[in-house]
Amino acid sequence: MIRPIEWTEEGVTLIDQKALPGTLQRITCRHYGEVIRAICDLTVRGAPAIGIAAAMGIALAVKGMPNEPPESLTVAFDRVCAEFAATRPTAVNLFWAINRMKQSFEKWRRDEHREALYDRLRKDACAILEEDIAINRRIGRQGMQLISDNAAVLTHCNAGALATGGYGTALGVIRAACEEGKRLRVFADETRPVLQGARLTAWEMMQEGIPVTIITDSMAGFVMKQGKIDLVIVGADRIAANGDTANKIGTYSLAVLARAHSIPFYVAAPLSTIDLAVADGKEIPIEERNPEEVRTLAGIPTAPSGAHVYNPAFDVTPHDYISAIITEEGIVRAPMNLGIKTLFTQ
Ligand code: MRU
């Protein structure tokens with residue numbers, strides 16, 4: 001299985017997703033600042049993967065603070081957490097993972113076993129990684145019932161092993177269906193501006209021999225009209241309490257197109273992607289990224305230098321365009337707000 005993040009003796013080892021599909025290479029972050037840079041520049045990306053990398057980065061930071069007295073240790077720990085929280089604003093898994101590390105730190109403070117802090121945080125970060133893989137497999141098992149044999153599935157961006165601890169959410173559902181013997185065909189949207197669909201989803205599917213066809217984002221409507229798509233399945237960066245879902249820019253357009261062609265539109269995500277503190281999609285912060293991502297393609301200019309650009313990295317799909325949200329605890333359909341509430345209370 002593709003594992004994009006690993007804890008090693010030297011630090012946090014990441015598959016460099018910027019180098020894919022050309023080169024499969026790993027980099028090792030020996031200082032937490034390198035993990036922060038890797039999150040910002042998309043070396044590691046995808047909501048769950050960002051959370052896991054941040055948790056490991058926080059553990060790595062504490063490893064570098066061996067002799068701090070308790071008061072300054074708390075200040076330094078909080079500062080590191082704030083630095084990670086400032087990396088990318090949309091994926092709530094980042095804040096979920098930081099909170100979990102903060103809880104671990106608080107517990108350690110109460111227990112007053114000073115020497116155990118680094119061990120505790122390291123173990124917790126590694127547990128988040130392993131739990132994520134297990135959760136993705138459960139999402140896969142839940143979601144595969146929605147996919148029939150011979151289905152053609154359109155996906156957007158990369159919600160696969162690379163975007164998680166391993167296995168994936170949307171691609172995890174596709175993997176699980178294939179493991180059950182279903183014969184699927186995957187259509188991968190290219191996903192401008194940085195091509196996670198063409199570079200990463202297509203690569204992942206080809207690694208496993210799952211048939212995949214790349215289309216440019218603007219082809220999706222016509223391909224649906226031609227009857228080539230049976231369902232759409234995407235991941236999520238943050239799901240509001242009413243089911244409104246933030247995901248990679250272009251997801252909303254796909255959902256509207258799916259509705260226009262009466263094609264089911266599914267979101268697959270772990271509970272850690274659901275933000276009950278956010279009532280609806282209007283409250284989800286949307287990251288705006290460097291205009292150069294739009295003015296260039298693989299470093300080559302595709303627009304006049306200095307041309308004005310708007311580059312929101314995510315959009316929000318209103319819950320009524322979503323046929324179902326697939327989680328590890330079950331599948332939620334309308335009314336989404338009630339279904340989501342039940343997920344957290346059952
Ligand atoms: O900017 P990215 O590549 O981090 O965006 C990733 C996505 O939008 C994914 O679809 C989402 O995080 C789900 S990953 C399981």
Side-chain angles (χ1 to χ4, degrees), residues 2-5 14-18 20 38-54 87-97 128-129 132-133 135-140 143 154-176 188-201 203-204 217 232-239 245-255 265-275 284-290 293-294 311-317 322 325-328:
I2 300 159
R3 291 182 69 122
I5 310 167
L14 304 170
I15 291 183
D16 181 358
Q17 299 193 33
K18 296 194 312 307
L20 285 171
I39 293 173
C40 291
D41 72 9
L42 307 184
T43 298
V44 60
R45 33 66 49 202
I50 293 170
I52 297 161
T87 51
R88 299 194 71 190
T90 304
V92 75
N93 308 61
L94 171 68
F95 306 97
W96 175 91
I128 291 174
L129 166 64
D132 184 66
I133 297 171
I135 285 169
N136 291 337
R137 288 192 181 277
R138 287 170 62 201
I139 292 172
L154 175 61
T155 189
H156 190 66
C157 191
N158 172 265
L162 289 165
T164 61
Y167 202 71
T169 55
L171 297 193
V173 172
I174 290 169
R175 282 197 165 91
D189 268 350
E190 186 178 44
T191 319
R192 266 293 272 160
V194 293
L195 306 179
Q196 291 94 331
R199 294 188 301 107
L200 308 177
T201 293
W203 179 80
E204 267 197 56
D217 302 342
V232 180
I233 184 162
V234 296
D237 288 85
R238 192 184 299 222
I239 301 174
T245 295
N247 191 49
K248 179 53 56 191
I249 190 77
T251 303
Y252 171 49
S253 321
L254 269 195
F265 182 91
Y266 300 119
V267 171
L271 293 194
S272 54
T273 302
I274 300 177
D275 186 356
I284 299 177
I286 299 295
E287 175 183 8
E288 275 185 48
R289 292 188 60 84
N290 190 334
E293 288 183 351
V294 175
N311 186 17
F314 303 96
D315 59 27
V316 177
T317 301
I322 299 170
I325 298 176
I326 305 158
T327 76
E328 68 272 30

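Counting convention: from 1, in listed order, for ligands and their atoms alike. Computed from a prediction, not measured in an experiment: that's the story for all the values here.
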Please identify which atoms of ligand 1 are closer than 4.0 Å to at least one heavy atom of [X].
{"X": "Lys248", "answer": "1 (O), 2 (P), 5 (O), 8 (O)"}
{"X": "Arg88", "answer": "1 (O), 2 (P), 4 (O)"}
{"X": "Ala163", "answer": "14 (S), 15 (C)"}
{"X": "Thr164", "answer": "15 (C)"}

Do any N/O atoms on [X] end up under 3.5 angstrom from N/O atoms on ligand 1?
{"X": "Gly46", "answer": "yes"}
{"X": "Thr169", "answer": "no"}
{"X": "Ala47", "answer": "yes"}

Select one of side chain, backbone, both or neither to describe which atoms of [X] lie under 4.0 Å from any atom of ligand 1, heavy atoms only.
{"X": "Gln196", "answer": "side chain"}
{"X": "Pro48", "answer": "side chain"}
{"X": "Ala159", "answer": "both"}

Yes or no on side-chain hydrogen bond (donor to acceptor under 3.5 Å, both in side chains) for Thr169 and Asn136, after CA distance, side-chain angles and deciding distance?
-> CA-CA 6 Å; Thr169 55; Asn136 291 337; 5.7 Å; no

Among all protein heavy atoms, pick out the one at the shortest distance from atom 9 (C) of ligand 1; state its residue, atom name and that distance to 0.1 Å.
-> Asn247 OD1, 3.4 Å

